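Scroll down for the structure; my scribbles are underneath it.
The structure displayed is predicted, hence computed values, not measured ones.
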Amino acid sequence: MMNKPKDSNNIPDLNGPKASPRSIAMGAAFLMAMAAVGPGFLTQTATFTGQMGADFGFAILICIIFDIIVQMNVWRIIVVSGKKAQVIANEIFPGLGYVLSFLVAVGGLFFNIGNVGGAGLGLNVLFGISPENGAVIAGALAIIIFVVKNALTVMDRTVQALAVVKVAILLYIIFIMAVPYQAAVHHAFLPTKIDFYSIVTIVGGTVGGYISFSGGHRLIEGGMKGKQNIKYVNEGALTGIGIASVIRVLLFLAGLAVVVTGYKLDPTNPAASIFKYAAGNFGYKFFGLLLFAAGMTSILGSTFTSTSFLDFAVKSKSGLQKSRKVLIISFIVISTVIFYIIGSPAKVLVFVGAANGFVLPIALAILLIASVSKKIIGDYHHPKWLIISGWFVVAFMAFASIKTVIGLF
């Protein structure tokens with residue numbers, strides 16, 4: 001990852017001033033949670049709630065459990081080793097870091113296609129312009145933000161405020177609607193149908209691809225290294241997953257309350273239709289603003305983290321800065337052009353989660369191998385329950401991914 005250049009390139013620095021370990025951990029938690037709660041997250045949750053009803057609660061339960069296992073493994077191993085994931089992979093087997101970088105970058109590109117589409121969809125709700133043209137505007141704004149000092153900080157604070165309002169509106173919807181809580185809890189543990197595609201998609205959309213590394217790499221950038229920081233690593237990982245999980249459950253319950261009334265969600269923008277049905281035009285317009293902000297923040301996070309996996313082999317500082325600037329602009333432009341050609345933002349946002357679900361078992365397997373390597377982690381003993389549960393997630397996600405591919409074709 002970059003060495004925090006502060007020259008004319010003005011690439012945003014996520015670290016900020018030196019902070020306490022707990023503050024760094026909470027910063028990593030928020031970074032990961034906001035990366036997970038993007039436009040894809042909103043659209044995927046609404047889409048599957050509309051399709052599966054209360055049975056989708058089971059997929060959410062599995063997702064939360066898997067998220068905890070993945071983040072606890074990834075964050076711990078990265079912080080204890082004091083190295084970025086791609087460096088760890090190269091130490092396991094020469095060249096493996098390049099493979100991991102490629103997979104994460106490609107997965108990040110898929111995410112970014114969905115992110116620009118989500119931001120474009122938000123502008124469509126707000127102003128009525130086409131999602132494709134909205135995506136072009138969002139892509140241009142993202143590039144501008146990457147060359148303006150402190151703009152990323154402003155964006156982060158804006159989204160924090162919007163996240164609070166989002167939770168408030170979801171609570172309001174749940175309060176005014178008749179939520180079938182009993183059915184939701186029953187089917188979460190005893191579903192009538194298990195849909196592997198939905199599990200792969202939402203797990204991939206929450207901790208797949210670059211998202212699983214965003215928090216861990218943020219900790220490293222903040223100077224948090226070594227096993228003495230495990231306490232803060234645990235706090236950060238659980239807080240991040242907790243924030244994302246609470247918002248997903250609230251959105252699921254709100255969507256379920258709407259669906260059980262017999263209302264059919266709009267397939268072109270299912271999450272927005274939940275807000276519109278329950279809170280009228282105000283809810284619909286606010287969701288547009290929220291979706292645009294979530295899309296913009298996810299574009300920045302996806303671009304920043306994904307390109308960091310591509311430039312780590314550049315040795316000189318000047319070469320690193322120049323290559324990073326070119327990569328960032330190219331990454332956003334390519335994502336925007338692809339979305340403009342293919343369109344269908346809601347379908348894209350669901351697909352990108354599934355695509356990144358395929359990356360997760362490979363990336364997690366690499367770090368689990370590292371967890372037992374003394375050369376990488378020294379005298380640290382990674383908990384056996386995390387190793388065993390981690391390999392279970394690898395096996396399940398690999399199986400579910402293959403089953404999903406077979407089902408699609």
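No more than 12 heavy atoms of other residues, nucleotides or ligands lie within 6.0 Å of NZ in Lys225, so this atom counts as exposed by the packing criterion. Within 6.0 Å of atom OH in Tyr181, more than 12 heavy atoms from other residues, nucleotides or ligands are found, so the atom counts as buried in its surroundings.
Between Leu253 and Met177 there is no side-chain heavy-atom pair separated by less than 4.5 Å. For the pair Pro180/Leu256, a side-chain contact is recorded, criterion being any heavy-atom separation below 4.5 Å from C-beta on. Taking 4.5 Å as the limit, every side-chain heavy atom of Leu367 sits out of range of all side-chain heavy atoms of Asn73. In this structure the side chain of Ile137 reaches within 4.5 angstrom of the side chain of Ile129, judged on heavy atoms. You'll find the side chain of Tyr340 reaches within 4.5 Å of the side chain of Asn133, heavy atoms only. Using a 4.5 Å heavy-atom cutoff, the side chains of Ile387 and Ser371 are in contact. Put simply, the side chain of Ile60 does not reach to within 4.5 Å of the side chain of Phe48, judged on heavy atoms. Side-chain contact between Tyr380 and Ile77: absent, with no pair of heavy atoms (C-beta onward) separated by less than 4.5 Å.
For the residue pair Ala54 and Phe252, the shortest heavy atom distance occurs at O-CZ, 3.9 Å. Of all the heavy atoms in Ile220 and Val79, the pair that sits closest is CD1-CA, 4.1 Å. In plain terms, the two heavy atoms of Ala271 and Phe287 that are nearest each other are CB-CZ, 3.3 Å. Between Ser401 and Val200, the shortest heavy-atom contact is N-CG2, 3.8 Å. Residues Val136 and Thr336 approach most closely at CA-CG2, 3.8 Å, considering heavy atoms. When all heavy atoms of Asn124 and Ser130 are compared, the pair lying nearest together is ND2-CA, 4.2 Å.
A distance of 6.5 Å separates OG in Ser245 from CD1 in Ile68, rounded to the nearest 0.5 Å. In this structure, NZ in Lys276 is found 6.5 Å from OH in Tyr263, a value given to the nearest 0.5 Å. Rounding to the nearest 0.5 Å places CG of Asn90 at 11.0 Å from NZ of Lys83. Annotation: the span from Ile64 atom CD1 to Ile69 atom CD1 amounts to 12.5 Å, rounded to 0.5 Å. Between the CE atom of Met397 and the CD1 atom of Ile62 there is a distance of 11.0 Å, given to the nearest 0.5 Å. Rounding to the nearest 0.5 Å gives a distance of 11.0 Å between NZ of Lys84 and OG of Ser101.
Looking at Thr45, its side chain never comes within 3.5 Å of a backbone N or O of Arg248 through a donor-acceptor pair. The backbone N or O of Ile78 sits less than 3.5 Å from a side-chain atom of Ser81, completing a donor-acceptor pair. Here the side chain of Thr261 pairs a donor or acceptor atom with the backbone of Val258 at under 3.5 angstrom. Here the side chain of Asp55 pairs no donor or acceptor atom with the backbone of Pro191 at under 3.5 angstrom. In this structure, Ser273 contributes its side chain and Pro270 its backbone to a donor-acceptor pair below 3.5 Å. For Ser302 (side chain) and Gly108 (main-chain N/O), a donor-acceptor pair under 3.5 Å exists by modelled atom type.
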Could you go through the side chain to side chain contact (heavy atoms under 4.5 Å, CB included) check for Val372 and His382 one step at a time?
-> CA-CA 7 Å; Val372 294; His382 198 55; over 6 Å; no
Test side chain to side chain contact (heavy atoms under 4.5 Å, CB included) applied to Ile341 and Glu132, step by step | CA-CA 8 Å; Ile341 294 172; Glu132 291 77 14; over 6 Å; no
Evaluation steps, side chain to side chain contact (heavy atoms under 4.5 Å, CB included), between Ser298 and Phe111 | CA-CA 8 Å; Ser298 295; Phe111 257 120; over 6 Å; no
Evaluate the side chain to side chain contact (heavy atoms under 4.5 Å, CB included) criterion for residues Ile199 and Ile194: first the C-alpha distance (whole Å), next the side-chain angles of each, then the deciding distance (0.1 Å), finally the verdict.
-> CA-CA 9 Å; Ile199 295 174; Ile194 297 176; 4.1 Å; yes
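Below 30°, between 30° and 60°, or above 60°: for Phe196 and Phe396 the angle between ring planes is between 30° and 60°, a tilted geometry.
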